[in-house]
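So you know, we letter chains A, B, ... as the sequences are listed, proteins then strands, and number each from 1.
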Number of protein chains: 2
Amino acid sequence: MKSITSPSPVIGIKDVARAAGVAPATVSRALGKGPISDALREQVMEAVRATGYRPNLAARRLRSQESGTIGLMVADIANPFFTGVARAVEHAAFEAGLRVILCDSDRDPAREASYLQLMQAERVTGLIMAPTRATAQRLAGMALDVPTVLIDRAGPPGLFDSVLLDNAEAASSLVDHLVANGHTRITGLFGETSDTGRARAEGYAAAMARHGLSPDARFIPAATPPEQVALAALRDGPPGALLAANSLQLLGALRATREAGLRVPGDLALCGFDNEPWTELVEPGLTVIEQPLEEIGRGAMRLLFDRLRDPEAPVRKVMLSGRRVVRGSTAAR
Amino acid sequence: MKSITSPSPVIGIKDVARAAGVAPATVSRALGKGPISDALREQVMEAVRATGYRPNLAARRLRSQESGTIGLMVADIANPFFTGVARAVEHAAFEAGLRVILCDSDRDPAREASYLQLMQAERVTGLIMAPTRATAQRLAGMALDVPTVLIDRAGPPGLFDSVLLDNAEAASSLVDHLVANGHTRITGLFGETSDTGRARAEGYAAAMARHGLSPDARFIPAATPPEQVALAALRDGPPGALLAANSLQLLGALRATREAGLRVPGDLALCGFDNEPWTELVEPGLTVIEQPLEEIGRGAMRLLFDRLRDPEAPVRKVMLSGRRVVRGSTAAR
DNA sequence: GCGACGAGTGAAAACGTTTCCACTCATCCT
DNA sequence: AGGATGAGTGGAAACGTTTTCACTCGTCGC
């Protein structure tokens with residue numbers, strides 16, 4: 001009860017100008033980068049402090065035609081992969097003096113489309129997005145007039161800058177590791193609806209072929225629990241090793257092994273993607289590919305800035321290598 | 001190479017008006033809620049479709065004086081607690097047709113202050129934030145003129161709407177559970193810098209007193225790894241049980257038990273907060289308090305809307321109960 | 001049948017900035 | 001010494017909407 005409903009005297013640049021005894025234009029220049037004498041600048045700053053002035057960003061954006069905002073659209077903010085990337089993007093944006101609008105598409109193409117409209121209306125400076133497979137394909141014909149960087153998936157070839165894990169290489173590397181440890185019957189578990197899953201499946205298949213082994217790739221349909229598919233694979237005569245294409249699937253696979261009463265790595269070797277804290281803490285620790293989340297986020301921002309600087313530069317696709325973290329779940333038999 | 005650098009003919013409401021053969025005001029009304037005949041509305045909509053018009057939100061906001069945006073400030077977006085809440089907030093906002101600006105304060109009061117300035121400049125409709133302890137205290141004197149809801153911490157009493165877990169009750173409940181399972185020597189691990197940690201410590205102390213047991217609360221300083229404090233506690237003559245105040249500390253505690261060569265629950269019972277997927281998968285599963293993340297996020301939005309509807313309504317503090325999930329780590333001895 | 005009324009529409013003002021333009025001086029060059 | 005130069009400043013236009021205001025009708029009540 002210190003102050004009843006303040007009269008909320010929203011103060012604008014004119015009020016500051018009056019307080020400082022200068023023209024509004026001068027205040028604007030003092031706050032921005034226009035030419036101004038040091039004396040006046042200080043005078044204005046003092047007035048700003050005295051009045052408690054806060055610039056109206058909407059007005060600023062309207063006039064200057066720059067939003068100073070970037071859109072970040074992810075498929076699921078609760079997924080640690082996206083969280084890590086989001087964190088990096090947010091930090092990079094803060095350092096560059098940009099705002100971030102968070103869009104969680106929830107893997108729903110309708111939401112995705114809706115958010116894309118919003119980003120256009122918002123006149124965002126740039127957009128960083130992880131499109132679903134459906135949207136990624138439609139992206140080519142969408143005439144997005146916003147500088148866009150794709151993460152996690154590359155989208156239509158040659159149209160968008162992108163930064164992503166070298167999924168094929170990473171999957172291959174896991175297969176190589178399993179083979180080196182004496183495994184030959186290796187089943188792969190991949191998301192049917194994601195490009196990332198496809199890429200990892202290809203890497204898996206290529207590596208299997210290279211080793212002269214016959215692949216057994218299982219694809220998990222959209223709304224199916226990974227655990228179910230994993231369990232089915234284990235019951236089809238258990239393979240020697242299981243490779244899961246992301247952390248959710250790895251988690252499902254682990255549950256399945258327990259349900260099936262199999263011992264890791266004795267009965268079954270297990271490995272997958274995403275080095276989440278728990279993968280180290282389960283018994284045995286799980287061998288995984290760690291994705292450089294920070295680098296992906298920062299890299300996306302860097303690509304975006306470069307694109308803004310030179311809209312005509314050739315499209316770049318940055319592939320980062322994952323780090324293979326070997327733990328007990330793939331110990332040699 | 002379908003279209004070389006389009007001339008980027010940014011089309012405005014006037015262009016649509018011309019295309020539809022009406023006045024700009026009419027277009028605005030067709031898009032908004034102004035009175036307009038069905039015939040003209042359809043005519044305008046057709047023109048909008050034909051021209052591919054996207055409203056300029058900056059202009060709209062400037063004129064209408066509503067940002068349609070809410071700010072969400074969290075201490076660390078990589079923390080699953082905040083991620084879960086953020087997800088709920090984002091979804092609620094989407095349904096209400098609002099944008100979300102994501103601010104990750106990184107537990108840095110300076111960043112927090114900077115972001116608060118930004119929110120004011122942005123003229124956000126409302127703000128949902130999890131302040132650090134430092135900022136929470138300063139909040140009283142800050143003259144935030146934005147409707148604000150606090151989450152995770154309550155802040156200065158009676159000033160802000162808030163929604164949070166009933167931390168004391170939850171901690172008590174864990175103690176009760178441990179006692180019921182025959183434990184008497186129970187050590188608590190709490191974050192020194194967080195209000196949440198304090199509240200949980202109080203609940204712990206109260207419950208211990210109620211059972212006539214002597215408490216042993218350890219506080220983890222700001223930059224110290226929880227594992228280190230946990231290890232120290234274990235070496236001071238191992239207690240019968242360890243209670244950790246959040247998931248990071250629980251993780252540290254688990255690592256410490258392994259390093260100390262203690263078996264759970266044989267040598268030491270273990271429990272804590274946050275029902276993350278991995279707490280079920282480690283051997284044995286960990287007993288935890290599950291926080292209703294979705295409810296916290298949705299609840300914060302609801303409080304915010306209510307506050308916007310009636311700025312004079314009394315301040316509300318919503319306390320939600322956690323759900324105790326009992327697993328093997330606290331099995332009776 | 002006539003005045004009041006209300007719904008629907010267009011013209012123009014307004015929102016709070018930045019930026020263009022014109023202007024004033026002090027300074028520099030020859 | 002005199003004109004050109006350029007930095008610093010103020011006035012006013014401009015950004016793209018929404019909203020106010022005035023106006024035109026068709027309709028209703030009497």
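Scored by the side chain to side chain donor-acceptor pair (under 3.5 Å) test, B/Glu112 finds B/Thr132, B/Thr135 as partners (sequence neighbours excluded). Take B/Arg307 and apply the side chain to side chain donor-acceptor pair (under 3.5 Å) test, not counting sequence neighbours, and it matches B/Asp161. With sequence neighbours excluded, no residue forms a side chain to side chain contact (heavy atoms under 4.5 Å, CB included) with A/Ala113. For B/Phe160, there are no ring pair (Phe, Tyr, Trp, His ring centres under 6.0 Å) partners two or more places apart in sequence or in a different chain.
Residue pairs meeting the salt bridge (charged side-chain N to carboxylate O under 4.0 Å, His left out) criterion with at least one member in residues 66-81 of chain A, sequence neighbours excluded: A/Asp76-B/Arg87. Counting only residues at least two apart or in different chains, side-chain hydrogen bond (donor to acceptor under 3.5 Å, both in side chains) contacts with residues 295-304 of chain A comprise A/Glu95-A/Arg298, A/Glu294-A/Arg298. Residue pairs meeting the salt bridge (charged side-chain N to carboxylate O under 4.0 Å, His left out) criterion with at least one partner in residues 34-43 of chain B, sequence neighbours excluded, are B/Glu42-B/Arg49. Residue pairs that meet the side-chain hydrogen bond (donor to acceptor under 3.5 Å, both in side chains) test with at least one member in residues 19-33 of chain A, sequence neighbours left out, do not exist here.
The residue among B/Ala59 and B/Ser37 whose nearest nucleotide of DNA chain C lies closer to the 5′ end is B/Ser37.
Nucleotides of DNA chain D that come within less than 4.0 Å of any heavy atom of chain B span, from the 5' end to the 3' end, D/dG16 to D/dT20.
A donor-acceptor pair under 3.5 Å is formed between the side chain of A/Arg153 and the backbone N or O of A/Pro131. For B/Ser105 (side chain) and B/Val74 (main-chain N/O), a donor-acceptor pair under 3.5 Å exists by modelled atom type. Under the 3.5 Å distance criterion, the side-chain polar atoms of B/Ser67 are matched with a main-chain donor or acceptor of B/Thr125.
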Tell me, for nucleotides 19-24 of chain C in 5' to 3' order, what letter each nucleotide earns: B for a base near a protein heavy atom under 4.0 Å, S for only sugar-phosphate near one, - for neither? BB----
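Remark: B/Phe94 CZ to A/Cys103 SG distance equals 9.0 Å, nearest 0.5 Å.
Using a 4.0 Å cut-off between charged nitrogen and carboxylate oxygen, A/Glu90 and B/Arg111 count as a salt-bridge pair.
At the heavy-atom level, A/Ile36 lies under 4.0 Å from the strands shown only through sugar-phosphate atoms.
The separation between B/Asp38 atom CG and C/dT9 atom C1' is 15 Å, rounded to whole Å.
Near-neighbour residues of DNA chain D inside residues 49-57 of chain A, defined by a heavy atom below 4.0 Å, are absent.
When the local axes at the two ends of the helix from C/dG1-D/dC30 to C/dT30-D/dA1 are compared, using 5 base pairs at each end, they differ in direction by 30° after rounding to 10°.
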